[in-house]
Number of protein chains: 2
Amino acid sequence: MQSFTEENYLKIIYHLAESSSNVQTNAIAEQMQTKPASVTDMIKKLAEKGYVDYVKYQGVTLTEKGKNAAIDIVRKHRLWEVFLVDKLNFKWDEVHDVAEELEHIKSETLIERLDEFLGFPKSDPHGDPIPDKNGRFAKTHFTKLIDLKVGDGGTITGVSQHSSAFLKLLEKLGLTLGKQIKINDVTDFDGSVEILVADKQINISREVAKHILISSNGKN
Amino acid sequence: MQSFTEENYLKIIYHLAESSSNVQTNAIAEQMQTKPASVTDMIKKLAEKGYVDYVKYQGVTLTEKGKNAAIDIVRKHRLWEVFLVDKLNFKWDEVHDVAEELEHIKSETLIERLDEFLGFPKSDPHGDPIPDKNGRFAKTHFTKLIDLKVGDGGTITGVSQHSSAFLKLLEKLGLTLGKQIKINDVTDFDGSVEILVADKQINISREVAKHILISSNGKN
DNA sequence: ATTTTTTTTTAGATTTACCTAAAAATAAAA
DNA sequence: TTTTATTTTTAGGTAAATCTAAAAAAAAAT
Ligand SMILES: [Mn+2]
Ligand SMILES: [Mn+2]
Ligand SMILES: [Mn+2]
Ligand SMILES: [Mn+2]
């Protein structure tokens with residue numbers, strides 16, 4: 001059984017590994033809001049316990065054991081987020097910090113019952129997939145809104161930024177999960193995107209467009 | 001804000017204070033499953049922070065601040081227990097350990113929403129009262145079953161022992177909350193009690209009878 | 001191929017919550 | 001009122017997770 005802190009490290013390493021197979025000390029430090037020296041200490045411990053493979057100065061990769069442990073925490077995190085939104089009427093921008101604590105509650109039974117209570121949801125309030133009890137989940141490959149061409153359309157199915165500020169903005173713009181959108185134009189000058197959503201035309205910055213994930217239903 | 005450990009100490013001191021105004025170091029150590037020396041350390045810290053009044057060798061009493069903090073944790077513990085039983089179909093003997101962890105999740109909003117979601121319950125699965133958001137709750141004064149006389153009757157409204165073994169036994173005997181009982185006889189030899197419950201006559205030991213709380217509806 | 005910059009690791013401390021063993025205070029028994 | 005037993009505290013130490021400052025390695029720039 002892992003400590004709170006170990007679990008947080010594992011989860012962060014898992015997420016970082018999605019973009020770079022070898023996860024760097026500094027990257028972990030930044031995510032954990034701690035110092036690289038502390039990360040080195042913890043990395044050694046995780047390697048000791050068989051959660052990561054570690055070569056000095058070369059960063060870490062999760063072992064099978066480490067990956068399973070990480071996925072288990074991700075599963076808990078996302079299930080709790082669904083609970084907070086579906087049952088306790090939290091907004092999608094309010095759930096992260098609380099789920100960050102709830103994910104560490106240690107009870108197999110609890111999480112299986114919760115899963116059942118929620119109706120075995122497949123994705124969390126941000127569109128991220130929820131691993132099943134065996135750690136399996138569909139690898140979703142969405143397109144970033146920014147990568148669509150003029151005329152393309154699709155459904156908003158995820159976000160790649162979970163900050164409250166960003167999520168609140170999307171809420172205000174009506175860019176929530178499930179909404180249909182269509183690219184009307186891309187502004188030459190600043191690369192901002194004109195999109196059509198719910199029959200209204202709005203303009204969003206490149207920065208925003210980068211973090212909206214679309215399940216594309218092809219060109220039009 | 002208090003640490004996990006501080007919260008557990010406060011809660012235990014609060015419960016111990018129900019039977020003896022001055023709570024002893026050894027008593028705390030026993031409940032916390034730790035050593036008296038460790039308790040002395042923690043007591044000093046809690047006194048430092050203003051949660052307890054402490055006189056060397058004389059044990060501790062909770063300050064107003066300490067009492068409020070303790071009641072807040074009790075509230076969370078009991079609300080989570082209700083959630084586990086009412087929503088996730090846990091048995092009353094399965095909830096304690098999980099609630100012991102859940103009670104430390106820090107979010108005012110979470111607990112208010114949970115309270116609402118559960119319909120503002122007044123008591124937990126063991127009959128213990130749930131403080132409202134201001135820390136107020138009805139002081140319940142039940143009679144121990146063991147103190148009833150032959151012919152007396154009443155409703156089971158609580159237990160003063162939360163061990164899984166005890167609760168499972170009650171479940172098996174059909175002695176669950178809300179059940180009507182009546183004292184038919186007290187055995188001279190061993191003090192065991194003959195009671196009538198759901199039209200069946202059963203015999204329970206003194207030890208069991210001591211921990212069942214009855215809201216007496218008077219003599220027969 | 002050097003120099004400079006960035007990344008990572010070590011060395012040495014600190015804090016929190018523990019522990020054991022021994023001393024001190026209090027309470028109970030003789 | 002001594003003596004004995006119990007309770008509580010001190011003294012000194014450990015393990016986990018952190019920190020700062022400085023050294024070492026690797027990567028990038030010149
Ligand atoms: Mn976390
Ligand atoms: Mn999420
Ligand atoms: Mn607890
Ligand atoms: Mn309870």
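Numbered from 1 within each chain, the chains take letters A, B, ... in sequence-line order.
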Sorted by chain and number, sequence neighbours left out, side chain to side chain donor-acceptor pair (under 3.5 Å) with B:Glu6 holds for B:Lys45, B:Lys49
Identify which nucleotide among D:dT18, C:dT9, D:dT9 has an atom closest to any side-chain atom of A:Thr40, counting heavy atoms from C-beta outward.
C:dT9
When you measure from the centre of the six-membered ring of A:Phe137, is the NZ or CZ of A:Lys139 under 6.0 Å away and within 45° of the axis?
yes
Quick one: do the B:Ser192 and B:Asn203 side chains pair a donor with an acceptor below 3.5 Å?
yes
Side chain to side chain donor-acceptor pair (under 3.5 Å) with B:Ser160: which residues, sequence neighbours excluded?
B:His211
From D:dT10, C:dC18, D:dT9, nucleotide with atom closest to B:Lys44 side chain:
D:dT10
Quick test of your reading: applying ring pair (Phe, Tyr, Trp, His ring centres under 6.0 Å), list the pairs with at least one residue in residues 102-123 of chain B, sequence neighbours left out, ordered by first then second residue.
B:Phe4-B:His104
Partner residues of B:Glu100 under the salt bridge (charged side-chain N to carboxylate O under 4.0 Å, His left out) criterion, sequence neighbours left out:
B:Lys11
Under 4.0 Å between any heavy atoms, over every strand shown, what does A:Tyr9 touch: base, sugar-phosphate, or nothing? Just pick one.
sugar-phosphate
Below 4.0 Å: OP1/OP2 of C:dT8 and any side-chain N or O of A:Tyr54:
no
Quick one: B:Glu6 CD to C:dC18 C1', roughly how many Å, whole number?
14 Å
What's the NZ-C1' distance between A:Lys35 and D:dA22, to the nearest Å?
15 Å
Closest listed nucleotide, where the reference is the side chain of B:Ala37 and the choices are C:dA21, C:dT10, D:dT18:
C:dA21
Quickly work out the B:Glu48 CD to C:dT16 P distance and round it to whole Å.
11 Å
Any base atoms under 4.0 Å from A:Thr5, or only sugar-phosphate, or nothing? Heavy atoms, all strands.
sugar-phosphate
Reckon A:Phe4 touches a base, only the sugar-phosphate, or nothing at all at heavy-atom distances under 4.0 Å?
nothing
Expected list for residues 16-33 of chain B near DNA chain D, using heavy atoms below 4.0 Å, is B:Gln24, B:Thr25, B:Asn26
Give me, pair by pair, the N or O atoms of the protein and of nucleotides 25-27 of chain C that are less than 3.5 Å apart, along with how far apart they are.
from, atom 1, to, atom 2, distance (Å)
C:dA25, O4', B:Tyr57, OH, 3.3

What integer distance in Å separates B:Met42:CE from D:dT9:P?
14 Å
Could you list the residues that satisfy side chain to side chain donor-acceptor pair (under 3.5 Å) with B:Thr109, not counting sequence neighbours?
none
D:dA16 P sits how many Å from A:Asp41 CG, rounded?
12 Å
Write out all pairs satisfying side chain to side chain donor-acceptor pair (under 3.5 Å) with one or both partners inside residues 111-129 of chain B, taking only residues at least two apart or from two chains.
B:Arg75-B:Glu112, B:Arg75-B:Asp115, B:Glu81-B:His126, B:Asp128-B:His162
Could you state the CD-C1' distance from A:Gln2 to D:dA16, rounded to the nearest angstrom?
16 Å
Quick one: which residue pairs count as a ring pair (Phe, Tyr, Trp, His ring centres under 6.0 Å) with a foot in residues 8-61 of chain A, not counting sequence neighbours?
none
